[in-house]
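Below is one structure; the comments refer to it alone.
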Amino acid sequence: MKKIRVQFLLFMYGKSQKLYRTYFKKKKRKWQFNEKQLLKFNEDSLGRQLGEFYKVHKFRMIPKMENHDVYHLITDFGTGMQDEIAMQYLLFGNGKRSAYLLGVLLLGTIVFPEYLKMYIKAFRKGREMRTFYNWDFEALLWQNFDHLKDFVQQNNTPILY
């Protein structure tokens, strides 16, 4: 039964992601790097980590959706269906709002209600992290990955003078 639910969500994603890129990402441009170029970045950089991510998972970059793959690296969420949904909960907790994200949360929760505790935990984690969902990660590809990840995962506590 779980396999059928996963197939259903993959079908829905396949049908919706092209529309999402066309209508919600109109003004966004695709990155100027490809998977092979990312592997040429310094070993400790975000760019290299992202290149390795594509290589290990045998993924291709999806134009205008590159930040999504960086989110996987920064949040430590895998690429399984429940992890994808949990990562969307984390992004919601981090402040990201879009009709597409809300649709993923709704559909994902209905299809996989047994992971609700995981989703709530992810939401809380997103609230505790620095706001990062709107960063231009292409400009940060040269940065040290561990430092960047540590910075993002620090509690976003306001400083009062």
| message | Please give me the minimum heavy-atom distance between Ala86 and Ala122, naming the atom from each residue. | response | O-CB, 3.2 Å
| request: Indicate the atoms forming the closest heavy-atom contact of Ser45 with Leu141, along with that distance. | output: CB-O, 3.4 Å
| Quick one: does Phe137's side chain get under 4.5 Å of Leu50's, heavy atoms only? | no
| query | Can you list every side chain to side chain donor-acceptor pair (under 3.5 Å) pair that touches residues 102-113, not counting sequence neighbours? | reply | Tyr89-Thr109
| query | For the residue pair Ile74 and Gln153, what are the closest heavy atoms and their distance? | reply | O-NE2, 2.6 Å
| query | Can you list the steps and then say if Trp31 with Phe33 is a ring pair (Phe, Tyr, Trp, His ring centres under 6.0 Å)? | reply | CA-CA 6 Å; Trp31 284 12; Phe33 300 97; 7.6 Å; no
| Salt bridge between Arg48 and Glu52, side-chain N to carboxylate O under 4.0 Å? | yes
Listed pairs under 3.5 Å, donor-acceptor, residues 98-107 side chains, sequence neighbours left out:
| residue | atom | partner | partner atom | Å |
| --- | --- | --- | --- | --- |
| Ser98 | OG | Leu101 | N | 3.0 |
| Tyr100 | OH | Ser16 | OG | 2.8 |

| task | Go through the steps to decide whether Arg127 and Phe123 satisfy the test side chain to side chain contact (heavy atoms under 4.5 Å, CB included), and finish with yes or no. | result | CA-CA 6 Å; Arg127 288 182 58 135; Phe123 172 80; 3.3 Å; yes
| Quick one: CE on Met12 to CD on Gln7, what's the gap to the nearest 0.5 Å? | 14.5 Å
| message | Using side chain to side chain contact (heavy atoms under 4.5 Å, CB included), reason through Lys28 and Asn67 one step at a time and then give a plain yes or no. | response | CA-CA 11 Å; Lys28 190 166 173 71; Asn67 277 356; 3.8 Å; yes
| task | Could you list the residues that satisfy side chain to side chain contact (heavy atoms under 4.5 Å, CB included) with Leu10, not counting sequence neighbours? | result | Val6, Met81
| note | The reported gap from CG in Leu148 to CH2 in Trp142 (rounded to nearest 0.5 angstrom) is 13.5 Å
Distance-only check: which donor-acceptor pairs under 3.5 Å involve side-chain atoms of residues 54-61, not counting sequence neighbours?
| residue | atom | partner | partner atom | Å |
| --- | --- | --- | --- | --- |
| Tyr54 | OH | Asp69 | OD2 | 2.6 |

| What salt bridge (Lys or Arg N to Asp or Glu O under 4.0 Å) pairs are there with at least one residue in residues 89-109, not counting sequence neighbours? | none
| query | Are there more than 12 heavy atoms of other residues, nucleotides or ligands under 6.0 Å from atom NZ of Lys121? | reply | no
| field | Contacts of Lys149 that satisfy side-chain hydrogen bond (donor to acceptor under 3.5 Å, both in side chains) - sequence neighbours left out | value | Asp76
| task | Please assess His147 against Gln143 for the test side chain to side chain contact (heavy atoms under 4.5 Å, CB included), listing each intermediate value before the final yes or no. | result | CA-CA 8 Å; His147 295 166; Gln143 297 299 311; over 6 Å; no
| query | Under the ring-ring contact (aromatic ring centres under 6.0 Å, His included) test, which residues partner Phe145, sequence neighbours left out? | reply | none
| query | Is it true that atom NZ of Lys30 has more than 12 heavy atoms of other residues, nucleotides or ligands lying nearer than 6.0 Å? | reply | no
| Audit row: Tyr119, Leu90, side chain to side chain contact (heavy atoms under 4.5 Å, CB included) steps and yes/no | CA-CA 8 Å; Tyr119 300 155; Leu90 182 142; over 6 Å; no
| query | With respect to Tyr71, which candidate in Tyr133, Phe132, Phe53, Phe77 satisfies the ring pair (Phe, Tyr, Trp, His ring centres under 6.0 Å) definition? | reply | Phe132
| field | Residues that Arg5 engages under salt bridge (Lys or Arg N to Asp or Glu O under 4.0 Å), provided they are two or more places apart | value | Glu114
| field | By side-chain hydrogen bond (donor to acceptor under 3.5 Å, both in side chains) - contacts of Lys2 (at least two apart) | value | Tyr115
| With sequence neighbours left out, which residue pairs that include part of residues 77-87 fulfil the salt bridge (Lys or Arg N to Asp or Glu O under 4.0 Å) condition? | none
| field | Pair listing, salt bridge (Lys or Arg N to Asp or Glu O under 4.0 Å) test, anchored in residues 132-144, at least two apart | value | Arg29-Glu138
| request: Output yes when a side-chain donor or acceptor of Glu128 lies under 3.5 Å from a complementary backbone atom of Gly126, and no otherwise. | output: no
| Taking the side chain as C-beta and beyond, is there a heavy-atom pair between Ile85 and Val111 under 4.5 Å? | no
Which atom pairs, one a donor and one an acceptor, fall under 3.5 Å between side chains of residues 36-44 and the rest of the protein, sequence neighbours left out?
| residue | atom | partner | partner atom | Å |
| --- | --- | --- | --- | --- |
| Gln37 | OE1 | Asn34 | N | 2.8 |
| Asp44 | OD2 | Asn144 | ND2 | 3.1 |

| note | Nearest heavy-atom contact between Met87 and His72 is CE-NE2, 3.5 Å
